[in-house]
Amino acid sequence: MKINEQASLEVIGDETFVFVNGSVNVDSTQVVRLNASSAWLWNEMFGKEFSREEAVAALMGHYDAPEEVISADVDRWISVLSEQGIIAR
């Protein structure tokens with residue numbers, strides 16, 4: 001899978017957001033708020049192909065949390081961003 005390169009990560013105050021501009025024929029912009037671990041994972045995975053397992057391994061190497069917690073977080077991250085068209089599977 002890969003993160004849509006039309007998406008951009010922006011920090012506004014203490015919050016981190018993903019913005020995805022609509023097509024030239026549609027006046028729309030999607031906005032998704034990310035927590036700190038989601039933003040970190042975004043920065044690690046942006047611009048390259050990656051698998052669920054690679055995302056889990058990256059978070060496991062960065063955060064001290066049980067694998068089942070990290071796996072669930074990655075599954076939710078992939079699901080939410082995929083639903084919004086931000087990650088292409």
Side-chain angles (χ1 to χ4, degrees):
M1 65 192 87
K2 190 170 184 180
I3 296 172
N4 180 343
E5 294 194 7
Q6 298 298 313
S8 63
L9 192 69
E10 303 289 335
V11 177
I12 302 171
D14 293 336
E15 303 288 335
T16 304
F17 299 92
V18 175
F19 292 90
V20 182
N21 293 325
S23 70
V24 288
N25 297 326
V26 178
D27 184 19
S28 66
T29 299
Q30 293 173 284
V31 179
V32 177
R33 186 177 143 311
L34 300 180
N35 65 19
S37 61
S38 293
W40 184 88
L41 187 57
W42 171 283
N43 286 321
E44 289 296 304
M45 299 297 133
F46 190 80
K48 62 184 176 186
E49 293 279 338
F50 63 93
S51 67
R52 175 195 177 276
E53 292 74 22
E54 290 169 323
V56 169
L59 276 180
M60 291 286 300
H62 189 72
Y63 289 97
D64 183 26
E67 184 173 355
E68 55 274 1
V69 171
I70 287 178
S71 291
D73 287 349
V74 167
D75 288 343
R76 189 170 39 254
W77 183 78
I78 291 170
S79 177
V80 168
L81 296 182
S82 294
E83 288 171 8
Q84 299 299 318
I86 297 169
I87 288 181
R89 294 187 191 203

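Computation of the quantities below employed the complete heavy-atom set of this structure, encompassing side-chain atoms and omitting hydrogens, waters and symmetry-equivalent molecules.
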side-chain contact (heavy atoms from CB on, under 4.5 Å) between Val56 and Glu53: does it pass, once the steps are laid out? CA-CA 5 Å; Val56 169; Glu53 292 74 22; 5.7 Å; no
Heavy-atom check, side chain of Met60 versus side chain of Ser71, under 4.5 Å: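 Answer no - side chains too far apart.
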Heavy-atom distance under 4.5 Å between the side chains of Asn43 and Leu9, does that happen here? yes
Just say parallel, tilted or perpendicular for the rings of Trp42 and Phe46, cut-offs at 30° and 60°. parallel
Do Tyr63 and Ile78 belong together in a cluster built from hydrophobic side chains that touch within less than 4.5 Å? yes
Connected via hydrophobic side-chain network under 4.5 Å: Val11 and Phe19: no
Determine, step by step, whether Ile3 and Leu81 satisfy the side-chain contact (heavy atoms from CB on, under 4.5 Å) criterion, reporting the C-alpha distance in whole Å, the side-chain angles of both residues, the deciding distance to 0.1 Å, and the verdict. CA-CA 8 Å; Ile3 296 172; Leu81 296 182; 5.7 Å; no
What are the two closest heavy atoms between [X] and [Y], and how far apart are they?
| X | Y | result |
| --- | --- | --- |
| Ser82 | Arg89 | OG-NE, 3.2 Å |
| Ala55 | Leu41 | O-CD1, 3.8 Å |
| Ala7 | Val20 | CB-CG2, 3.7 Å |

Taking Ser51's backbone N and O only, do any of them form a donor-acceptor pair with Glu54's side chain (distance below 3.5 Å, no angle check)?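 Side chain of Glu54 to backbone of Ser51, a donor-acceptor pair under 3.5 Å: yes, one is there.
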Drop me the distance from Met1's CE to Ile86's CD1, to the nearest 0.5 angstrom.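 Between atom CE of Met1 and atom CD1 of Ile86 there are 14.0 Å.
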Interatomic distance, Lys2 atom NZ to Ile87 atom CD1 [nearest 0.5 angstrom]: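 It is 12.5 Å, given to the nearest 0.5 Å.
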Run the side-chain contact (heavy atoms from CB on, under 4.5 Å) check on Trp40 and Leu34 step by step: do they pass? CA-CA 9 Å; Trp40 184 88; Leu34 300 180; over 6 Å; no
Got a sec: does the CD of Glu15 have more than 12 other heavy atoms crowding it under 6.0 Å? yes
